[in-house]
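Residue numbers begin at 1 in each chain, while the letters A, B, ... track the order of the sequences. Note that the structure is a prediction, hence the values are computed from the model and not measured.
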There are 2 protein chains.
Amino acid sequence: MKHNIEELLSTHGVKPTPQRAVIADYLLETHCHPTADEVFQAVKDKLPVALSRATVYNTLNALVTAGVIQEMTTEAGRVRYDANMSDHHHFVDIESGKVFDIPAETIKQINLELGDKFKVHKFHVTIFGEVKE
Amino acid sequence: MKHNIEELLSTHGVKPTPQRAVIADYLLETHCHPTADEVFQAVKDKLPVALSRATVYNTLNALVTAGVIQEMTTEAGRVRYDANMSDHHHFVDIESGKVFDIPAETIKQINLELGDKFKVHKFHVTIFGEVKE
DNA sequence: TCCACGGTTAGAATTAGTCTAAATACAGAC
DNA sequence: GTCTGTATTTAGACTAATTCTAACCGTGGA
Ligand SMILES: [Mn+2]
Ligand SMILES: [Mn+2]
Ligand SMILES: [Zn+2]
Ligand SMILES: [Zn+2]
């Protein structure tokens with residue numbers, strides 16, 4: 001664990017436990033936007049006790065609610081989790097399905113002409129394409 | 001049925017059947033980006049025979065493959081269907097969850113500075129906000 | 001020490017979606 | 001018009017993702 005997980009969880013109002021720490025730590029170190037089951041597979045052997053899927057889901061939902069991570073989606077229907085909470089968008093390699101973070105500043109300008117009826121809180125750009133090499 | 005469904009399906013290589021026609025017709029007339037189950041509920045009594053969920057899913061998948069409709073998603077994990085095939089983005093009312101189509105021209109400019117590594121095929125903007133009144 | 005409470009667990013339940021096998025519908029051949 | 005092969009539909013079984021339930025810890029405070 002390279003990150004100070006306990007402090008991160010505490011400052012977000014989530015009581016640190018070994019299960020939560022190992023899940024949050026995995027999410028912070030990976031960049032692969034894993035599904036719940038990928039999180040489960042990745043961390044289940046890192047604890048001295050058995051890990052329940054219910055705990056994984058409970059923890060992921062708690063972390064989302066606390067603002068430590070966010071949900072995102074690429075293919076319709078598969079929920080993925082992302083510990084990168086900076087303002088960013090996503091590039092999806094249409095061949096491999098791999099997801100890359102694209103900083104918000106990378107999108108130079110996006111002007112919306114939505115009229116008076118729509119008040120924009122935030123927007124998210126999902127980009128589909130190919131990664132070279 | 002206001003639309004010429006049979007012709008639409010035929011020109012896309014989907015053999016028209018009563019089940020497919022009623023499903024496609026519903027998708028063309030609604031603007032609500034329904035889920036598979038919402039489609040099922042909306043059309044099941046419009047046929048003289050019982051309608052199977054399998055047929056709804058088969059038809060939706062066939063229409064997506066044929067390019068008659070597209071899948072989209074707002075909340076993580078729920079697949080929705082959209083018969084608007086024009087180039088457009090989506091505005092989600094964060095209170096009601098209602099989805100509004102935003103023509104692509106509404107977004108005046110979006111310049112991406114992704115470098116040589118990423119080749120963009122398409123992108124989609126999901127906007128979250130409130131609808132006034 | 002005892003208790004209350006939050007957290008975890010295994011497994012059951014639910015839900016969305018796919019698969020299977022049997023029944024139907026139907027277009028073309030005769 | 002009948003025959004027959006193929007496509008479609010159907011009900012229900014199945015699977016996978018997620019939530020729920022109820023029992024079981026573990027810990028900090030009375
Ligand atoms: Mn969720
Ligand atoms: Mn699908
Ligand atoms: Zn990300
Ligand atoms: Zn749309």
Side-chain angles (χ1 to χ4, degrees), chain A residues 5-6 9-10 12-27 33-66 68-82 97, chain B residues 5-6 9-10 12-27 33-66 68-82 97:
Chain A
I5 299 291
E6 279 73 18
L9 296 182
S10 294
H12 283 83
V14 178
K15 187 183 290 186
T17 66
Q19 288 85 348
R20 289 170 178 174
V22 83
I23 289 170
D25 191 63
Y26 171 67
L27 287 169
H33 301 77
T35 63
D37 196 63
E38 286 166 353
V39 173
F40 175 74
Q41 297 300 334
V43 308
K44 69 186 165 79
D45 294 329
K46 294 185 183 172
L47 287 162
V49 298
L51 175 65
S52 169
R53 273 168 211 281
T55 299
V56 175
Y57 282 103
N58 287 344
T59 298
L60 291 171
N61 288 333
L63 294 178
V64 169
T65 302
V68 179
I69 64 174
Q70 56 178 147
E71 291 184 334
M72 54 91 54
T73 190
T74 55
E75 328 92 272
R78 310 218 52 197
V79 181
R80 295 179 174 278
Y81 295 90
D82 187 356
Chain B
I5 299 292
E6 280 73 17
L9 296 182
S10 295
H12 283 83
V14 179
K15 187 182 292 186
T17 65
Q19 289 85 349
R20 289 170 178 173
V22 82
I23 288 169
D25 191 65
Y26 171 65
L27 287 168
H33 302 76
T35 63
D37 197 62
E38 286 166 355
V39 173
F40 174 74
Q41 297 301 334
V43 308
K44 68 185 165 79
D45 295 328
K46 294 185 184 171
L47 288 162
V49 298
L51 175 66
S52 168
R53 274 168 210 281
T55 299
V56 175
Y57 282 105
N58 288 344
T59 298
L60 291 171
N61 288 334
L63 294 178
V64 169
T65 302
V68 179
I69 63 173
Q70 58 179 145
E71 291 183 335
M72 52 91 54
T73 190
T74 55
E75 326 92 273
R78 309 221 53 197
V79 181
R80 296 180 173 279
Y81 295 90
D82 186 356

| 5'-most by nearest nucleotide on DNA chain D - S52(B) or V14(B) | V14(B)
| Below 4.0 Å: OP1/OP2 of dT18(D) and any side-chain N or O of R53(A) | no
| task | Measure from CD on E75(B) to P on dT18(D) and round the result to the nearest Å. | result | 14 Å
| message | Please check: side-chain N/O of T73(A) versus main-chain N/O of R78(A), any donor-acceptor pairing under 3.5 Å? | response | yes
| message | Minimum heavy-atom separation for R53(A) and F40(A), please, with both atom names. | response | NH2-CE2, 3.5 Å
| Counting N and O atoms only, with roles assigned by atom type, does the side chain of N58(A) sit under 3.5 Å from a partner on the main chain of A54(A), one being a donor and the other an acceptor? | yes
| request: Scan nucleotides 24-30 of chain D nucleotide by nucleotide, 5' to 3', and note B when protein non-hydrogen atoms come under 4.0 Å of the base, S if they reach only the sugar-phosphate, - if neither. | output: -------
| To the nearest angstrom, how far is L60(A) atom CG from dG7(C) atom C1'? | 15 Å
| Side-chain N or O of N61(A) closer than 4.0 Å to phosphate OP1/OP2 of dT18(D) | no
| field | Any Y57(A) side-chain N or O less than 4.0 Å from OP1/OP2 of dT18(D) | value | yes
| field | For atom CZ of R80(A) and atom P of dT18(D), their distance in whole Å | value | 11 Å
| request: Please report, rounded to the nearest Å, how far the P atom of dT8(D) is from the CG atom of L51(B). | output: 16 Å
| task | Take the protein atom CG of N58(A) and the nucleotide atom C1' of dC5(C), then report the distance between them rounded to whole Å. | result | 16 Å
| query | Which residue lies toward the 5' end of DNA chain C, K15(B) or A54(A), if each is placed at its nearest nucleotide? | reply | A54(A)
| remark: Value for CD (Q70(B)) from NE2 (H33(B)), rounded to nearest 0.5 Å, stands at 7.5 Å
| Is any side-chain nitrogen or oxygen of R20(A) closer than 4.0 Å to OP1 or OP2 of dT8(C)? | yes
| said: What is the separation between atom CD1 on I23(A) and atom C1' on dT8(C), rounded to the nearest whole Å? | reply: 11 Å
| message | Quick check against the 3.5 Å criterion: does T74(B) have a side-chain atom that pairs as donor or acceptor with the backbone of A76(B)? | response | no
| said: Under 4.0 Å from OP1 or OP2 of dA7(D): is there any side-chain N or O of T17(B) that close? | reply: no
| If you measure from OG1 on T59(B) to CG on L51(B), what distance do you get to the nearest 0.5 Å? | 8.0 Å
| message | What is the distance, to the nearest angstrom, from the CZ atom on F40(B) to the C1' atom on dA16(C)? | response | 13 Å
| query | From L63(B) CG over to E71(B) CD, what is the distance, rounded to the nearest 0.5 angstrom? | reply | 11.0 Å
